[in-house]
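Every chain is numbered from 1 and lettered A, B, ... according to where its sequence line falls, protein lines coming before strand lines.
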Number of protein chains: 2
Amino acid sequence: MSKDLPRACPAVTARPLYQQVHDYLLGRIVTGEWQPGDYLPSEQRLAASLGVALGTVRRALDELAEAGVVERRQGRGTAVLRHSSDRARFRFFRLVGPDGARIVPTGRVLAARRRAARAGEARALGLSPSALVLGLTRERRVGGRALVHETIALPLPLFARLDLPVGQDLAEELYVLYQHDCGVTVARAEDRISPEAAPVAVARSLGIAPGTPILRIRRIAFGLDGVAVEHRISRSARLDYAVAIE
Amino acid sequence: MSKDLPRACPAVTARPLYQQVHDYLLGRIVTGEWQPGDYLPSEQRLAASLGVALGTVRRALDELAEAGVVERRQGRGTAVLRHSSDRARFRFFRLVGPDGARIVPTGRVLAARRRAARAGEARALGLSPSALVLGLTRERRVGGRALVHETIALPLPLFARLDLPVGQDLAEELYVLYQHDCGVTVARAEDRISPEAAPVAVARSLGIAPGTPILRIRRIAFGLDGVAVEHRISRSARLDYAVAIE
DNA sequence: GAGTGGTCTAGACCACTAG
DNA sequence: TAGTGGTCTAGACCACTCC
């Protein structure tokens with residue numbers, strides 16, 4: 001418990017102490033020293049081992065909790081957040097039914113194969129052109145009806161160990177599997193929503209007429225270290241995308 | 001400077017002190033005691049006059065700043081945020097061009113008339129059926145081309161003093177005018193995005209073929225006091241809606 | 001009862017802004 | 001130079017969880 005903060009020359013580093021502690025703790029999480037579900041040492045212990053005040057550690061931990069990296073529970077401790085936890089569950093799922101209720105569709109992977117990245121995927125993921133990705137085609141269903149059609153690209157060295165049952169319903173969300181199988185935690189995402197006339201293949205999958213207006217949602221997801229880890233295009237005709245602007 | 005917090009019986013109120021301070025300060029802003037642009041008393045003064053520690057006031061002010069109610073500047077003080085400030089400017093504008101760049105279109109009100117609220121508007125705004133609203137039709141243009149078509153409903157006693165030049169470009173965003181003319185500060189909004197085939201009137205306005213797939217964005221905006229103050233439907237064929245999920 | 005995070009206090013020093 | 005918010009420290013007490 002004698003890990004020290006890498007203290008830089010104070011002239012060089014104008015960064016506040018609590019940010020340095022934040023980054024230091026995040027670093028230990030990124031490297032896998034603390035796995036999802038693990039409890040960190042208590043605030044007291046961290047403060048003592050780092051040689052800073054309790055309040056400084058608290059602020060760093062509060063910001064990690066704010067960013068969804070960590071979950072704090074009074075009386076228990078501070079744990080690295082799992083994507084399967086209740087708190088993380090709906091964070092990245094923004095589609096709602098006509099009545100505004102959150103939908104929990106079943107996900108089924110229709111196809112998974114290694115292929116060259118398409119131009120847009122390579123650009124978004126920061127890969128060299130035609131780098132290898134794992135390409136997934138996926139449907140989300142409610143009550144036997146397909147509501148969402150997804151095309152997903154995952155950079156391949158990173159996701160080589162992803163273990164997917166093709167053609168049957170997944171019990172877990174994909175992000176839970178990313179974390180469990182490949183040690184990839186999705187920390188942040190950027191969505192872009194455009195209108196589109198349903199392409200033929202998508203229309204057939206969703207059971208609508210080709211050309212029907214649909215939502216096309218392009219997502220780029222980023223890991224804890226800020227690197228892009230997923231390119232996803234979701235298409236839906238019957239669900240709305242909900243955003244709260246606070 | 002002898003304003004006291006309304007201290008309730010400690011058995012009844014389990015609410016933390018800093019939340020009580022937060023609500024107390026927000027209340028004084030809502031009533032207009034501090035206008036947008038006004039500086040609040042310093043943390044020291046507030047803490048002294050409320051009889052609480054500096055850290056407690058700081059936490060309350062930090063949360064008001066987080067919520068976009070207030071803006072803090074080192075050396076200056078803490079001021080009630082204006083919608084015209086740089087910080088507030090893009091908070092509620094989420095449409096971007098094909099290249100991902102934020103667009104700053106010009107807004108022009110085509111029509112403004114008092115009318116009965118439509119069913120959906122009345123429900124969203126919490127009005128009695130067929131209550132009176134100010135109905136606006138508006139276009140947002142870039143380079144002479146209409147990119148967004150909007151239908152806006154504003155509950156009428158509240159927005160009676162709204163002063164809008166019809167048919168010419170607006171120098172300010174609408175929310176700035178809400179705040180300036182009517183004392184209404186938009187603090188929060190909920191957007192729902194659906195796909196739609198462009199209705200005839202909208203298609204003509206946007207210069208596209210009727211039936212073209214477009215985005216239909218329904219917004220309900222809320223004031224500082226949590227009451228719904230605006231119902232807005234924006235339609236666009238050429239812009240994307242951008243969301244960052246942190 | 002021991003240990004954890006949540007709240008509240010008190011005071012010091014620094015960085016920035018303004019006159 | 002005076003006043004502001006930003007950072008950092010130190011310590012107290014409480015609410016909650018678990019054994």
Winner on side-chain proximity to B:Val52, out of D:dT9, C:dT9, C:dG5, is C:dT9
Return the 5'-most residue of the pair A:Gly77, A:Leu54 with respect to DNA chain C, ranking by each residue's nearest nucleotide.
-> A:Gly77
Among C:dG5, D:dC18, D:dT4, the one nearest A:Arg76 by side-chain distance | D:dC18
Of the candidate nucleotides D:dT9, C:dC8, C:dG5, which contains the atom at the shortest distance from the side chain of A:Glu43?
-> C:dG5
Taking the six-membered ring for Trp, are the ring centroids of A:Tyr175 and A:Tyr178 within less than 6.0 Å of each other?
-> yes
Nucleotide forming a Watson-Crick or wobble pair with C:dG19, both distances under 3.5 Å | none
Will you find, in the side chains of B:Arg192 and A:Tyr241, an N or O donor that is under 3.5 Å from an N or O acceptor?
-> no
In plain terms, say whether A:Arg141 and A:Asp169 are close enough for a salt bridge, that is, a side-chain N and a carboxylate O under 4.0 Å apart.
-> no
For C:dT4, does either OP1 or OP2 sit under 4.0 Å from a side-chain N or O belonging to A:Thr78?
-> no
Let me know, please, whether A:Gly55 or A:Gln74 comes out on the 5' side of the other along DNA chain D by nearest nucleotide.
-> A:Gly55
Out of C:dC8, D:dC8, C:dG5, minimum distance to the side chain of B:Tyr18 belongs to C:dC8
Among D:dT9, C:dG5, C:dA10, the one nearest any side-chain atom of A:Thr56 is D:dT9
Closest listed nucleotide, where the reference is the side chain of B:Arg58 and the choices are D:dT17, D:dG6, C:dT4 | D:dG6
Considering only D:dG5, D:dT4, C:dC8, which nucleotide approaches the side chain of B:Pro16 most closely?
-> C:dC8
Does CZ in A:Arg108 sit with more than 12 non-hydrogen atoms of other residues, nucleotides or ligands closer than 6.0 Å?
-> yes
Looking for any heavy atom pair under 4.0 Å, which part of the strands does B:Arg59 touch: base, sugar-phosphate only, or nothing?
-> sugar-phosphate
